[in-house]
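The figures here come from the full heavy-atom set of this structure, side chains too, leaving out hydrogens, waters and symmetry mates.
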Amino acid sequence: MRYPPPSLTAVRPAPTTTCDGASCASLEPATTTCSKDATTAHTGYNYGVRVELRYSALCHAAWAKMSGTAAGDRVMVTPKQGNSEEYRQQYGHDAHTRMVPALTPGDARACAIVDGRGTLCATSPAQR
């Protein structure tokens, strides 16, 4: 009698990355635990585009998100200390940067450069 081959072990996704502060620099927020507690700390709206400063208190990290955008638009997050992160929209209507370390939301700034229209920054406190 022939038995079926043993079942293949199910492939499980890699565990979600955990980071804190400087170890979060340049990481993708969606693949870390940082996206789980993230809140929008500041917003800005102009040119039909919304920009947000997203912040994770768990990770002490921030990133910039933009929506209502088009190819060529850029979004960036700049920390008080360290390197900025920038993303140029390739397709779709929203995008975000990788993370920068930030002990508080006030330790980073999010801005979008809307191609051919101007720059806007997330300066208004988000409504909770």
Fill in the blank from the handout: Closest non-hydrogen contact found for Ala71 with Gln90 is CB-O, 3.6 Å
Exercise for the section: Please list all pairs passing the side-chain hydrogen bond (donor to acceptor under 3.5 Å, both in side chains) test where one or both residues lie in residues 49-65, with sequence neighbours left out. Expected result: Asp20-His60, Asp37-Ser56, Thr40-Glu52, Thr40-Arg54, Arg50-Glu52
Problem - Sub-2.5 Å SG contact, Cys34 and Cys19 - result: no
Problem - Atom CG of Asn83: over 12 foreign heavy atoms under 6.0 Å - result: no
Problem - Over 12 non-hydrogen atoms of neighbours within 6.0 angstrom of CD in Gln81 - result: no
Exercise for the section: Kindly determine whether Met99 and Thr32 satisfy side chain to side chain contact (heavy atoms under 4.5 Å, CB included), including the steps that lead there. Expected result: CA-CA 10 Å; Met99 296 186 289; Thr32 68; 3.8 Å; yes
Handout entry: Euclidean distance, Ile113 CD1 relative to Gln89 CD, rounded to 0.5 Å
Key = 13.5 Å
Exercise for the section: Using the rule that two of Ile, Leu, Val, Met, Phe, Trp, Tyr join whenever any of their side-chain heavy atoms come within less than 4.5 Å, decide whether Tyr47 and Val75 are in one cluster. Expected result: yes
Fill in the blank from the handout: When every non-hydrogen atom of Val100 is compared with those of Ala108, the smallest separation belongs to CG2-CB, 4.3 Å
Problem - Spacing of CG belonging to Leu27 relative to SG belonging to Cys59, to within rounding of 0.5 Å - result: 9.0 Å
Handout entry: Nearest heavy atoms of Pro101 and Pro79, plus distance in Å
Key = O-CB, 3.8 Å
Practice task
Please check if Met76 and Val51 belong to a single hydrophobic cluster, counting links between Ile, Leu, Val, Met, Phe, Trp and Tyr side chain heavy atoms closer than 4.5 Å.
Solution key: no
Handout entry: Audit row: Arg117, Asp73, side chain to side chain contact (heavy atoms under 4.5 Å, CB included) steps and yes/no
Key = CA-CA 10 Å; Arg117 291 178 272 171; Asp73 294 343; 4.1 Å; yes
Fill in the blank from the handout: Heavy-atom nearest pair, Ala126 first then Thr43, reads CB-CG2, 4.2 Å
Fill in the blank from the handout: Distance col, row Asp115:CG vs Thr69:OG1, nearest 0.5 angstrom, shows 11.0 Å
Problem - Lys80 versus Gly106, closest heavy-atom pair with distance - result: CE-O, 3.3 Å
Completion exercise
Distance col, row Thr97:OG1 vs Leu53:CG, nearest 0.5 angstrom, shows 9.0 Å
Practice task
Grab the two heavy atoms, one from Arg98 and one from Glu28, that are nearest each other, plus how far apart they are.
Solution key: NH1-N, 3.5 Å
